[in-house]
Amino acid sequence: MVWANYTFVNVFQYQPGQIHFCTADIGWITGHSYIIYGPLSAGATTLMFEGIPTYPDAGRFWDIADKFDVDILYTAPTAIRSLMAFGLTHVKDKKLDSLKVLGTVGEPINEEAWHWYHKNIGKEKCPVVDTWWQTETGGIMISNLADVTPHKPAHATVPLPGVQPCLVDENGKEIEGNNVGGNLCIKFPWPGMLRTTYGDHERCRLNYFATYDNMYFTGDGCLRDEEGNYRITGRVDDVLNVSGHRIGTAEVENAINMHAGVVESAVVGFPHNIKGQGIYAFVIYNGHHGDENLAREDILLTVSRIIGSIAKPDKIQFVTGLPKTRSGKIMRRILRKIAEGETSDLGDTTTLLDPAVVDEIKKGKL
Ligand code: 7RM
């Protein structure tokens, strides 16, 4: 509660009387912490929306912002990207003049989505706070502070006062200096930190405190730029080994996403006789950008150019949606199973938002 309050007030620079609208599902930790605990403990007016961002049309968030004179809007890159795909039709007629601060959370935001949000929603006058944190951290850990420290597209930027992040290599050796990348750890306790996992204390110790000595391991990969800004690149367990080359699924996805017609993509590995692991890409593609077969060729070229031909997907399946949780996190476990051809038992699918998507993907499996 202390950490939720401190981070809410400081990151968003909340001023008494402001209206805070966090679009998160209440079942996601972001819903708990930044619809309820943070804002209410600070005496803020919090706005909770139960519904979907595309009903009755893709302007719903912006209508709510106008109707209730929202000052702070906090949403996820997945929502921004999906609304962005509808074009500006549902943005053009909105005022959006009450907005002072925009926020994102939940996954790395790509630069294109960042600029779209900053320009069309924030009218280039609202700082965008890119807030990196986890359920386990109890609140925001790395973020710029609205109008206090500068934002930088696709970067969570700097740790909050009191937070000591560091990057380590596979052996747990700290990587110092700037312009470097590694595994993101936190090397000193903070007020919001997890103290156990429910019913399984040992699991907590093993998962978070045993990978590297004397540090909390986040499970995320991260870059630190020339000015010391942190850029989270994604989960490090999402790493493939293709013919002995370690390739991050996030890297491949970023390269695929460079294609103008690609709305979103998810990459997983599958067993491959020769390479050990092959690369399977699920791609949401906007048909207005031409034929899918041409797009497939273009995507392969783009990946070769950006990463190298070793990272070219063996299979590209075009899909209309990806299996996601309500908070927009792609359920890679499901995609991995499908790519492996294990479609009968997909494991626990209770947090899956739209099961129809999975049926479609199964049918189209390559
Ligand atoms: C708040 C939340 C945690 C994981 C985390 C990251 C990813 C969250 C950002 C981000 C890049 C961000 N809790 N993540 N925020 N990646 N930039 N600003 O999402 O427990 O549900 O997920 O989400 O991988 O480890 S969570």
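Just follow the structure's listing: the first ligand is 1, and inside any ligand the first atom is 1.
At a threshold of 4.0 Å, the pair Glu340-Lys337 does not count as salt-bridged, since none of the basic side-chain nitrogens sits closer than that to a carboxylate oxygen.
Less than 6.0 angstrom separates the ring centroid of Phe209 from the ring centroid of Tyr216. When ring centroids are compared, Tyr6 and Trp3 come within the 6.0 Å threshold. Between Phe12 and His20, a ring centre-to-centre spacing shorter than 6.0 Å is recorded.
The shortest N or O to N or O distance between Thr218 and ligand 1 is not below 3.5 Å. Residue Trp28 places at least one N or O, backbone or side chain, under 3.5 Å from an N or O of ligand 1. Between Gly106 and ligand 1, at least one pair of N/O atoms sits closer than 3.5 Å. Between Thr30 and ligand 1, a contact under 3.5 Å exists for no N or O pair.
Taking the six-membered ring for Trp and thresholds of 30 and 60 degrees, Trp62 and Trp116 have ring planes inclined between 30 and 60 degrees apart.
Among Gln134, Lys329, His155, Glu107, the residue whose heavy atom lies nearest to atom 10 (C) of ligand 1 is Glu107.
Not close to ligand 1: Gly219, with no non-hydrogen atom less than 4.0 angstrom away. Contact analysis leaves Ala156 out of contact with ligand 1, as no non-hydrogen atom separation drops below 4.0 angstrom.
Side-chain N or O atoms of Glu107 include one that pairs as donor or acceptor with a backbone N or O of Thr78 at under 3.5 Å.
Atoms of ligand 1 lying under 4.0 Å from at least one heavy atom of Pro108, given by number and element, are 11 (C), 16 (N), 17 (N). Ligand-side atoms of ligand 1 in range of Ile29: 13 (N), range being under 4.0 angstrom from any heavy atom. Interface atoms of ligand 1 facing Val105, defined by a heavy-atom separation under 4.0 Å, are 1 (C). Residue Arg235 approaches ligand 1 through these ligand atoms, each under 4.0 Å from one of its heavy atoms: 24 (O), 25 (O).
The protein heavy-atom contact nearest to atom 26 (S) of ligand 1 is Thr135 OG1, 3.6 Å. Here the heavy atom of the protein found nearest to atom 18 (N) of ligand 1 is Asp130 OD1, 2.7 Å. Ranking the protein heavy atoms by distance from atom 3 (C) of ligand 1 puts Trp133 O, 3.7 Å first. The shortest contact between atom 6 (C) of ligand 1 and any protein heavy atom is with Asp220 OD2, 3.1 Å.
The minimum heavy-atom distance between Val268 and Arg332, with the atom names listed, is CG1-O, 4.1 Å.
Contacts with ligand 1 closer than 4.0 Å are made by backbone heavy atoms (N, CA, C, O) of Thr131 only, the side chain lying farther away.
Considering His272, Arg336, Lys315, Gln317 in turn, Gln317 is the only one that fulfils the side-chain hydrogen bond (donor to acceptor under 3.5 Å, both in side chains) rule with Tyr280.
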For side-chain contact (heavy atoms from CB on, under 4.5 Å), just list the numbers for Val236 and Asp220, CA-CA rounded to whole Å, side-chain angles, deciding distance to a tenth of an Å, and then say yes or no. CA-CA 5 Å; Val236 286; Asp220 283 336; 6.0 Å; no

Under the side-chain hydrogen bond (donor to acceptor under 3.5 Å, both in side chains) rule, what do Asn257 and Ser265 come out as? Steps first, then yes or no, please. CA-CA 7 Å; Asn257 296 346; Ser265 64; 2.8 Å; yes

